[in-house]
Amino acid sequence: MVTTLIQNGTVVSATGRVQADVLIDGEIIVAVLAPGSALLGNDLAASVDRVIDATGKYVIPGGVDAHTHMQLPFGGTAASDTFETGTRAAAWGGTTTIVDFAVQSYGQRVFDGLAAWHEKAAGNCAIDYGFHQIIGDLNEDSLQAMDGLLDEGISSFKLFMAYPGVFYSDDAQVLRAMQKSAETGLMTMMHAENGPAIDVLVTQLLAEGKTDPYYHGVARAWQLEEEATHRAIMLANLTGAPLYVVHVSAKQAVEQIAAARDHGQNVFGETCPQYLYLSLEENLGAPGFEGAKWVCSTPLRSKAEGHQDHLWQSLRTNDIQMVSTDHCPFCMKGQKELGLGDFSKIPNGIGSVEHRLDLLYQGVVNGRISLERWVEITATTPARMFGLYGKKGVIQPGADGDIVIYDPNGHTSIGLPVNGNGKTHHMNMDHSAWEGYEIDGHVDTVLSRGKVIIDDSSYLGSKGDGRFVKRGLSQYLI
Ligand code: DUC
Ligand code: ZN
Ligand code: ZN
């Protein structure tokens with residue numbers, strides 16, 4: 001077993017920062033030591049297999065991205081990152097655990113959907129992974145199957161109030177599932193948009209000849225996110241289900257979540273980097289078909305209406321608890337292009353799994369959030385929220401040796417896929433939604449369960465390094 005000592009760095013946690021050395025024995029962190037401590041011998045560095053010098057750098061828990069869609073069949077095509085390419089890209093960006101969404105499609109049994117997801121991921125991942133379960137056909141059989149999810153290490157399920165005819169659950173189905181959530185402790189995750197109302201607006205806009213990507217944002221109006229968020233909160237209130245609202249983009253939806261939390265309800269909100277930085281006007285409204293790069297749901301919101309500023313603020317105040325990516329990449333060629341002349345046929349999704357830590361670190365540099373809050377919203381809270389804490393999301397004895405060494409004096413230029421223009425990303429996409437973003441920091445070294453998988457801008461890991469992680473119930477309930 002390889003022993004590793006990370007020396008001279010600043011260990012940053014959700015609650016503070018300290019000069020400390022971190023000792024990893026094999027896959028597990030065994031000690032966090034005051035610099036110069038002689039507890040484990042006068043020259044610990046000489047007695048370990050590998051010493052990593054982190055002078056001037058932050059030593060942080062590996063990122064936990066709790067919302068990804070690797071190779072998801074969607075919109076007449078499939079998300080372009082496989083578990084192999086997507087988890088490798090995640091590693092490049094300092095994420096060492098993902099929680100992906102296993103899908104039960106309409107007409108399929110829950111455990112058949114889950115088995116298919118295990119088959120896609122097993123032996124292919126660069127980093128550890130868990131699953132949430134999408135319930136795409138909520139019937140008596142599915143409700144019964146949900147009783148067995150926790151034993152499989154799956155402590156959360158996602159419902160959709162959007163996408164009629166695909167993943168949609170009506171209010172009666174939502175109510176039944178939430179009763180099950182209250183009974184079992186499984187976290188209800190909700191895609192909160194009023195799908196039937198959106199479909200009416202889509203039909204009307206297309207009939208008026210409004211076919212550009214911009215109208216995706218018009219059809220998916222903030223009122224329909226606020227309304228669905230409110231409805232989900234009230235159904236959760238009635239049933240006692242813990243509720244986690246995914247990809248919140250509208251400030252009015254944030255207000256609904258904040259009000260429920262103020263009343264003591266177990267309601268949580270997630271946002272994504274795209275809702276913090278990108279907008280309806282500048283991105284979805286880009287000339288021609290360019291805006292298709294940024295078609296995702298919920299949609300990018302208007303900057304003039306102040307959603308982005310409100311979301312940053314809500315991260316400061318904990319009205320929103322964490323940031324995931326909703327990584328769901330599609331290439332322009334052959335995929336996004338399916339929606340030329342009809343925005344409703346553009347596959348929904350943006351690829352960001354590689355950039356979450358960097359983009360949120362820029363929020364630290366820009367004074368939006370503190371250094372500690374950065375660690376909290378990208379690693380510690382996701383681990384607590386989804387029953388991984390102790391193993392993931394923290395640097396402490398007994399935790400997995402999932403560690404990122406982040407250089408605040410480094411620089412990252414986000415650009416086109418590898419070899420494009422000298423700037424790089426590693427996701428399996430023919431473009432970047434983040435092209436041109438400059439980050440005042442850099443992911444230098446990434447360890448996954450004690451193994452160095454990224455070092456000095458080289459990938460040292462292998463396909464299959466990542467293991468399935470069974471999750472427990474949420475450790476974040478109030
Ligand atoms: N939203 C997206 O943008 N993509 C995948 C599914 C979803 O809800
Ligand atoms: Zn969703
Ligand atoms: Zn999603």
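Numbering starts at 1 and runs along the sequence shown. Every number for a ligand or one of its atoms is a count from 1 in the order of the listing. Since we're looking at a predicted model, the values are computed, not measured.
For the residue pair Arg471 / Ser156, a side-chain donor-acceptor distance below 3.5 Å is found, with atom types taken as modelled. Defined by atom type and a distance below 3.5 Å, a donor-acceptor pair is present between the side-chain atoms of Gln104 and Ser142.
Under the side-chain contact (heavy atoms from CB on, under 4.5 Å) criterion, Gln265 pairs with Ile233, Ala236, Asn237, Ala260, Val267, sequence neighbours left out. For Gln321, the side-chain contact (heavy atoms from CB on, under 4.5 Å) test picks out Arg261, Phe268, Asn318, Thr381, Met385, Tyr476, with sequence neighbours left out.
Within the protein, the N, O or S atoms sitting under 2.8 Å from the Zn ion (ligand 3) are His67 NE2, His69 NE2, Asp326 OD1.
Checking each of His191, Glu270, His67 against His247 for a side-chain hydrogen bond (donor to acceptor under 3.5 Å, both in side chains) leaves exactly one that passes, namely His191.
In this structure, Lys336 and Val295 have side chains that are in contact, with non-hydrogen atoms separated by less than 4.5 Å.
Ligand 1 lies under 4.0 Å from heavy atoms of Phe74, Lys158, Phe160, Tyr163, His191, His247, Cys296, Ser297, Asp326, Cys328, Asn348, Gly349.
Tyr214 and Phe343 have their aromatic ring centers separated by at least 6.0 angstrom. For an aromatic pair to be called close, the ring centres must be under 6.0 Å apart, and Tyr437 with His355 fails this.
Of all the heavy atoms in Gly217 and Pro299, the pair that sits closest is CA-CB, 4.0 Å.
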